[in-house]
Protein chains: 2
Amino acid sequence: MAQKDTAGRILDAAEALFSEKGFAETSLRNITTKAGVNLAAVNYHFGSKKSLIQAVFARYLTPFSEQFSQQLNIIEQRENTPEQLLKLLVLTLNKSGLENPEKFGVFMRLLGLAYSQGQGHLRKFLTSEYGEVFNRYMKEVNRVTPELTPMERFWRIHFMLGAAVFTMSSVDSLMAMADHDLGTQSDVKDVVSQLMPFLASGLMANDKND
Amino acid sequence: MAQKDTAGRILDAAEALFSEKGFAETSLRNITTKAGVNLAAVNYHFGSKKSLIQAVFARYLTPFSEQFSQQLNIIEQRENTPEQLLKLLVLTLNKSGLENPEKFGVFMRLLGLAYSQGQGHLRKFLTSEYGEVFNRYMKEVNRVTPELTPMERFWRIHFMLGAAVFTMSSVDSLMAMADHDLGTQSDVKDVVSQLMPFLASGLMANDKND
DNA sequence: ATGAAATTCAAACATACGTTTTAAACGCTT
DNA sequence: AAGCGTTTAAAACGTATGTTTGAATTTCAT
């Protein structure tokens, strides 16, 4: 097939436009024009714009969630380090439809939007669909950071999530900025490999400054 | 005065609604209804919705930028630690109209939106108005991290920015989540004091894992 | 080949938006 | 008190949005 079916083309166009401009700023006419399909096709295939947004996430997260669940079965039965848990996350992302860095950046941008622009329907959809796997991963994080209080652990996990989502959301323009200011060519892979020691160090920081 | 003038009431309402729902999702009718003023008042006092957005940022950033510039004059002439540079940032934020934690969270949420929803006019406005002070601060960061390569420093600064912006953007719902899951009452002050050692540790992490 | 189901299409619908207009009300100097 | 610039008010304008409609077209098993 030279090109996908209508529903697939809509998903491709929607995902690209959403990640560039956000949900509210992207109209169905933008999407259908880019996809080369009729305007009514969105409501025909997905029912509504909200359902389309959820479908864009599901196309990434459902394969990832299944892969991740399998990997959790393994690591749940052995001792791990924080670095290993981080690496597991990145590797699983790469194994489930996000192998090329470009797609990876798009996905992280969508994830950031889900937090900053999630009106509620997205949040509910994501937690009800993928909350269980997320909780299993959190249990493993608890295991490798026994010296942290639940409070510390909770916040540091979100600090880490913020650093990752924020940076990867605008990784393209940041890399361009780095190239311009420092004259160094960058790669998403490089950024991720810089991010991981940063996150691990922050997670394990010993806060004895009182 | 029992209540501010029309322009001030518009700014208050706009800032609250923007930080809750984003720029595109907030209509002028939302704003003027909440402010208790006529719809046309926005275009009369600010010219356009874009200018109103810029005015909301300027009300915070102009006092902050002046305060911060003065503080920079001092610390530029002494040796500092990374922790001191972070503390300077937080203290100056608190001294320039953001003393109560609620306002602080609102401001951080707006800052996050400026990154994730900035269509261009905001970015240009912010860098042209406050870029110089930002660059002076960055020079000080360079001084206290001589062991980092420019590349490492660049990315770690943005990791830090991401952790701070992301977490503080949704600090209210995160604190509610922490209270629900862990049964512990939290405070924005507490979160900030947890964030700072995390950021400092990440910034100074020695990446010798090759 | 045929007929029913699935899909595509152009067009219109109802609604919400930012902005503009015009007139009325207000505040302040003279 | 009069007059004038400033501010507020209600209404309408033009445009863009998400959604629905009903007919045309394609798909596909019989």
Side-chain angles (χ1 to χ4, degrees), chain A residues 1-59 110 113-114 117-122 124-125, chain B residues 1-59 110 113-114 117-122 124-125:
Chain A
M1 56 177 175
Q3 51 186 7
K4 297 180 182 176
D5 60 342
T6 298
R9 300 230 303 281
I10 289 174
L11 283 175
D12 289 340
E15 138 188 333
L17 290 172
F18 285 155
S19 85
E20 287 172 15
K21 315 197 299 175
F23 303 125
E25 296 85 351
T26 300
S27 70
L28 295 186
R29 286 168 176 82
N30 288 154
I31 296 170
T32 53
T33 298
K34 173 157 189 159
V37 303
N38 188 270
L39 168 63
V42 170
N43 287 283
Y44 176 77
H45 284 282
F46 298 95
S48 68
K49 187 181 181 181
K50 285 185 180 180
S51 300
L52 172 62
I53 294 174
Q54 296 177 3
V56 168
F57 278 88
R59 188 164 62 149
L110 290 172
L113 290 174
Q117 300 193 2
Q119 294 92 337
H121 75 94
L122 231 187
K124 288 177 182 173
F125 171 78
Chain B
M1 55 175 176
Q3 52 185 8
K4 297 180 182 177
D5 60 342
T6 299
R9 300 230 303 280
I10 290 174
L11 282 175
D12 289 340
E15 141 188 329
L17 291 172
F18 284 155
S19 85
E20 286 173 14
K21 315 197 299 173
F23 303 126
E25 296 85 351
T26 300
S27 70
L28 294 186
R29 286 170 176 82
N30 289 155
I31 295 169
T32 52
T33 298
K34 173 156 190 162
V37 303
N38 187 269
L39 168 63
V42 169
N43 288 282
Y44 175 77
H45 284 283
F46 298 96
S48 69
K49 188 181 181 180
K50 285 185 180 180
S51 299
L52 172 62
I53 294 173
Q54 296 177 3
V56 168
F57 278 88
R59 189 164 62 148
L110 291 173
L113 290 174
Q117 301 192 3
Q119 292 93 337
H121 75 93
L122 231 187
K124 288 178 183 173
F125 171 77

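- B:L28 places its CG atom 15 Å from the C1' atom of D:dA16, with the value rounded to the nearest Å.
- Here the options are B:V56, B:L52, B:I53, the test is side-chain contact (heavy atoms from CB on, under 4.5 Å), and the partner is B:F46; only B:L52 passes.
- The side chain of A:A40 lies closest to D:dT20 when the candidates are D:dT19, D:dT20, D:dA10.
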Discussion item. Is there a side chain to side chain donor-acceptor pair (under 3.5 Å) between A:N43 and A:K49? Walk through the geometry before answering.
Written reply: CA-CA 7 Å; A:N43 287 283; A:K49 187 181 181 181; over 6 Å; no

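- In this structure, A:L52 places its CG atom 15 Å from C1' of D:dT17, rounding to the nearest Å.
- Protein atom CG of B:N43 is 16 Å distant from nucleotide atom P of C:dT22, rounded to whole Å.
- Rounded to whole Å, the distance from CD1 on A:I10 to P on C:dC9 is 10 Å.
- Comparing D:dT7, D:dT19, C:dT19 by their nearest atom to the side chain of B:K49 picks out C:dT19.
- Remark: A:N38 is in phosphate contact with C:dA10, judged by side-chain N or O atoms under 4.0 Å from OP1 or OP2.
- You'll find that the side chain of A:R29 is closest to D:dG18, out of D:dG18, D:dT6, D:dA9.
- Distance A:E25 CD to D:dG18 C1': 16 Å, rounded to the nearest Å.
- The side chain of A:L39 has C:dA12 as its nearest neighbour among C:dA12, D:dA11, C:dA10.
- Here NZ of B:K21 is found 12.5 Å from CG of B:L113. Values are rounded to the nearest 0.5 Å.
- Taking for each of A:Y44 and B:V37 the nucleotide of DNA chain D with the nearest heavy atom, the 5'-most of the two is the partner of B:V37.
- Although no hydrogens or angles enter the test, the distance criterion places a donor-acceptor pair under 3.5 Å between the side chain of B:S19 and the main chain of B:A16.
- Contact annotation: A:S27 side-chain N/O to D:dT17 OP1/OP2 distance is under 4.0 Å.
- Taking 4.0 angstrom as the limit, A:T6 places a side-chain polar atom (N or O) nearer than this to OP1 or OP2 of C:dT8.
- Among the protein residues, A:A41 comes within range of no part of the nucleic acid, since none of its heavy atoms lies under 4.0 Å from any strand.
- Using a 4.0 Å heavy-atom cutoff across all strands shown, B:T32 reaches no nucleic acid atom at all.
- The backbone N or O of A:G47 sits nowhere less than 3.5 Å from a side-chain atom of A:S51 that would complete a donor-acceptor pair.
- Contact check, A:H45 against C:dT8: a side-chain N or O comes under 4.0 Å of OP1 or OP2.
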